[in-house]
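Atoms within a ligand are numbered from 1 in the order they appear, just like the ligands themselves.
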Amino acid sequence: MYVDEVLSRLRKLYPGGYSHVNKDPFYLLISTVLSQRTRDDVTIPATQKLFSVFATVEKMAGADVNEVQDLIRDVGFYRVKAQRIIDISRIILQDYGGVVPDSIDELLKLPGVGRKTANCVLGYGFGQDVIAVDTHVHRISNRMGLVDTSDPDETEKELEKLVSKQDWKDINGLMVLFGQNVCRPVGPKCRECIMNDICPKII
Ligand code: SF4
């Protein structure tokens with residue numbers, strides 16, 4: 001099947017996958033909130049800076065919002081996100097005993113947490129079979145003709161029908177790497193792309 005060929009080529013291109021990601025559920029949750037509408041090269045250092053000062057749920061829950069704002073100033077919507085991060089930490093501390101919940105329904109109750117963020121936490125942090133559809137997964141799946149959808153939630157549903165369950169949690173990491181390096185949002189490198197003999201959107 002076409003989708004299996006795509007995943008097989010991505011695995012050959014990125015044999016290590018996205019294994020360098022920090023798998024701590026709280027770190028993942030906060031970093032994914034920070035990543036919303038922000039590039040990875042900005043999100044990663046901002047998250048590291050934030051956790052170098054507030055390393056635990058308890059510390060983050062008690063943080064001063066102005067201090068958090070200063071630490072994450074480079075990310076988009078940093079004022080909103082600073083308050084959100086503190087609110088999320090307080091809820092996790094008060095309602096979940098300081099432990100990030102491992103269910104989609106509970107994660108979606110947290111402020112600013114949508115399906116992409118929740119699925120990143122469940123997939124990377126808890127090893128669950130989920131498809132975290134971010135901007136890269138949505139764009140590449142549509143460009144390559146795997147799906148024909150208008151929003152990431154729809155893409156998630158369509159990919160779930162198309163892809164074997166054991167492959168679900170690999171999709172995000174493989175497509176993020178491919179989207180950052182080859183099938184970029186602007187200026188995709190189609191000429192050197194390993195998919196250019198099968199991709200319908202080659203430019
Ligand atoms: S050929 Fe171009 S559009 Fe198709 S997957 Fe490769 S980079 Fe993306």
Side-chain angles (χ1 to χ4, degrees), residues 1-23 28-29 31-48 74-77 104 112-203:
M1 256 168 68
Y2 178 52
V3 68
D4 296 322
E5 178 62 23
V6 170
L7 288 176
S8 159
R9 291 187 187 196
L10 287 175
R11 282 203 177 92
K12 276 190 199 130
L13 189 62
Y14 304 114
Y18 214 51
S19 51
H20 61 283
V21 72
N22 186 324
K23 295 192 169 57
L28 274 166
L29 175 60
S31 65
T32 313
V33 168
L34 288 175
S35 76
Q36 293 162 2
R37 293 170 180 266
T38 301
R39 293 195 323 270
D40 295 336
D41 60 336
V42 175
T43 302
I44 292 167
T47 308
Q48 288 167 344
D74 294 336
V75 307
F77 306 97
I104 186 114
V113 173
R115 293 194 68 84
K116 180 201 84 172
T117 301
N119 281 333
C120 278
V121 174
L122 294 174
Y124 290 112
F126 293 107
Q128 294 185 16
D129 293 321
V130 292
I131 304 177
V133 178
D134 68 350
T135 175
H136 296 295
V137 176
H138 179 61
R139 180 184 67 258
I140 293 165
S141 298
N142 275 279
R143 269 186 188 165
M144 296 207 68
L146 295 171
V147 300
D148 181 12
T149 56
S150 49
D151 68 65
D153 288 357
E154 208 187 329
T155 302
E156 184 189 339
K157 285 198 195 88
E158 292 304 309
L159 286 175
E160 281 182 358
K161 290 182 208 159
L162 204 63
V163 180
S164 306
K165 197 164 186 175
Q166 74 262 20
D167 293 329
W168 286 8
K169 62 175 172 292
D170 296 338
I171 291 177
N172 179 272
L174 292 170
M175 288 198 183
V176 167
L177 290 167
F178 189 55
Q180 288 170 341
N181 296 293
V182 184
C183 193
R184 304 178 301 197
V186 179
K189 299 177 179 173
C190 296
R191 284 194 189 172
E192 61 194 73
C193 176
I194 53 155
M195 308 287 184
N196 64 16
D197 60 324
I198 54 172
C199 176
K201 281 281 167 62
I202 178 169
I203 296 166

- Task: Would you please say whether a donor-acceptor pair under 3.5 Å links the side chains of T155 and T149?
- Result: yes

- Query: Do K12 and I194 have side-chain heavy atoms sitting under 4.5 Å apart?
  - Reply: no

- Message: According to side chain to side chain donor-acceptor pair (under 3.5 Å), does anything in residues 165-174 pair up with another residue at least two apart or in another chain? List the pairs.
- Response: R11-D167, R11-D170, Y124-N172, D129-K169

- Just jot down the side chain to side chain donor-acceptor pair (under 3.5 Å) partners of E5, sequence neighbours excluded, or say none. R9

- Task: Determine whether R115 and I104 make a side-chain contact, defined as any pair of heavy atoms from C-beta on separated by less than 4.5 Å.
- Result: yes

- Task: Give the atoms of ligand 1, by number and element, whose distance to some non-hydrogen atom of F178 is under 4.0 Å.
- Result: 5 (S)

- Query: Which residues pass the side chain to side chain donor-acceptor pair (under 3.5 Å) test with K161, sequence neighbours left out?
  - Reply: E158

- Message: Taking 2.8 Å as the distance threshold, tell me the number of protein N/O/S atoms next to atom 2 (Fe) of ligand 1.
- Response: 1

